[in-house]
2 protein chains.
Amino acid sequence: MTELSRFKADFFRALAHPLRIRIVDELRSGELTVQELGFRLGAEQSTVSRHLAVLRGRGILNARKEGQTVRYSAADATLFRLLDVARTMFNHQLSELQTTLADLKHGNSR
Amino acid sequence: MTELSRFKADFFRALAHPLRIRIVDELRSGELTVQELGFRLGAEQSTVSRHLAVLRGRGILNARKEGQTVRYSAADATLFRLLDVARTMFNHQLSELQTTLADLKHGNSR
DNA sequence: TCAATACTTGACAATATTGCCATATTCACA
DNA sequence: TGTGAATATGGCAATATTGTCAAGTATTGA
């Protein structure tokens, strides 16, 4: 169905930014405030807040207001499983690249 | 590391389009030509070709030239596992949404 | 060699994303 | 009430993505 593919595309688009990937990675160990994230990632407060809004908007992160601060966390631990599977894919790609390079080195190509 | 997060973001960006999601889904059952994909997805040939180029550029798809046609396939079956995990996340989200709606209906909110 | 078929790609306008500054907004506390 | 701290957001320029048309490449077969 087209509707579902749009949902999925929106979801992946939410992850399609280096800072947002790093935000999610930082949240593996639990909740963090906007400030803490900004400090750890060395990014402007307004920039971090914008990216958090994107992730929150897709239901990827939860925001919990506590006094003046807002604590963000992963809405679903499955997110980390997804990132782990992605890492597996990268490793496969890197392995293939290595093999290709080794083949080239030994003149085994073409 | 920042380098890896950029790689990951690029990867997810490659999947961040409805048509590309549908292309990958069509390839679950095996190789398809550009034409076949265009027909199944009801999209212009040049448009399909562009999106295939994006997926190929990220190493997500392989292209195999055979005579006049080019057959595309997933470079790594892990891709489908990734999409399945993503589907799991959507289901969780939908379940939560359903719960929220039910709660609203019964006046259990706030 | 010529024409047809399958695909790719340059060019370009339309649209979307991003980062940052300045300005809200919300809350705590004197 | 007034001040400061934490977060969110309007506005905007810079940049990236997208779809389409037209033109290009490559292959097949007459």
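Numbers restart at 1 for each chain; the letters A, B, ... are given by sequence-line order, proteins then strands. Not measured: the values here are computed from a predicted model. FYI, side chains are in, hydrogens and waters are out, and symmetry mates aren't considered; it's all heavy atoms of this structure.
End-to-end axis angle of the helix from C:dT1-D:dA30 to C:dA30-D:dT1, from C1' rotation axes over five pairs per end: 10° (rounded to 10 degrees).
The hydrophobic clustering, which links ILVMFWY residues whose side-chain heavy atoms are closer than 4.5 Å, places A:Phe80 and A:Leu19 together. In terms of hydrophobic clustering, with Ile, Leu, Val, Met, Phe, Trp and Tyr side chains grouped at heavy-atom distances under 4.5 Å, A:Leu15 and B:Val54 are assigned to different clusters. B:Leu82 and B:Phe7 fall into different hydrophobic clusters, defined by Ile, Leu, Val, Met, Phe, Trp and Tyr side-chain heavy atoms under 4.5 Å apart, directly or through other members.
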Show the distances under 3.5 angstrom between N or O atoms of the protein and N or O atoms of nucleotides 17-20 of chain C.
from, atom 1, to, atom 2, distance (Å)
C:dT18, OP1, A:Arg20, NH2, 3.3
C:dT18, OP2, A:Arg20, NH1, 3.2
C:dT18, O3', A:His17, NE2, 3.3
C:dG19, OP1, A:His17, NE2, 3.3
C:dG19, OP2, A:His51, NE2, 2.4
C:dC20, OP2, A:Thr47, OG1, 3.3
C:dC20, N4, A:Arg50, NE, 2.9
C:dC20, N4, A:Arg50, NH2, 3.1

Between the protein and nucleotides 26-30 of chain D, which nitrogen or oxygen pairs come in under 3.5 angstrom?
from, atom 1, to, atom 2, distance (Å)
D:dA26, O3', B:Lys65, NZ, 3.4
D:dT27, O2, B:Gln68, NE2, 3.0

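Proximity of a side-chain donor or acceptor of B:Glu36 to a complementary backbone N or O of B:Thr33 within less than 3.5 Å is detected. The backbone N or O of B:Gln45 sits nowhere less than 3.5 Å from a side-chain atom of B:Ser49 that would complete a donor-acceptor pair.
As rounded to whole Å, 21 Å separates atom P of C:dA16 from atom CZ of A:Phe12. Remark: P of C:dT9 and CG of B:Leu52 are 11 Å apart, rounded to the nearest angstrom. Rounded to a whole Å, the CG atom of B:Leu61 is 11 Å from the P atom of C:dT8. Computed from coordinates, the B:Leu55 CG to D:dT17 C1' distance equals 14 Å when rounded to whole Å. Taking atom CZ on B:Phe39 and atom P on C:dC7, their separation rounds to 14 Å, with Å as the unit. In this entry the distance linking CZ of B:Arg22 with C1' of D:dT18 reads 16 Å, nearest Å. Remark: P of C:dA6 and CG of B:Leu32 are 15 Å apart, rounded to the nearest angstrom. One interatomic measurement links the two molecules: CD of A:Gln35 to P of C:dC27, which rounds to 17 Å at whole-angstrom precision.
One distance of note links CG of A:Leu55 with CG of A:Leu61; it measures 4.5 Å at 0.5 Å rounding. One finds the CZ atom of A:Arg64 at 8.0 Å from the OG1 atom of A:Thr69 (value rounded to the nearest 0.5 Å).
The two residues B:Tyr72 and B:Ala63 make their nearest non-hydrogen contact at CE2-CB, 3.7 Å. Looking at every heavy atom in both residues, B:Arg40 comes nearest to B:Arg22 through O-NH2, 4.3 Å. Scanning both residues, B:Arg58 and B:Ala14, for their nearest heavy atoms gives CG-CB, 3.4 Å.
Residue A:Gln45 places none of its side-chain N or O atoms closer than 4.0 Å to OP1 or OP2 of D:dT7. Neither OP1 nor OP2 of D:dA6 sits under 4.0 Å from any side-chain N or O of A:Tyr72.
Between B:Phe90 and A:Phe11, the ring planes are perpendicular. Angles over 60° get that label, and only those under 30° would be called parallel.
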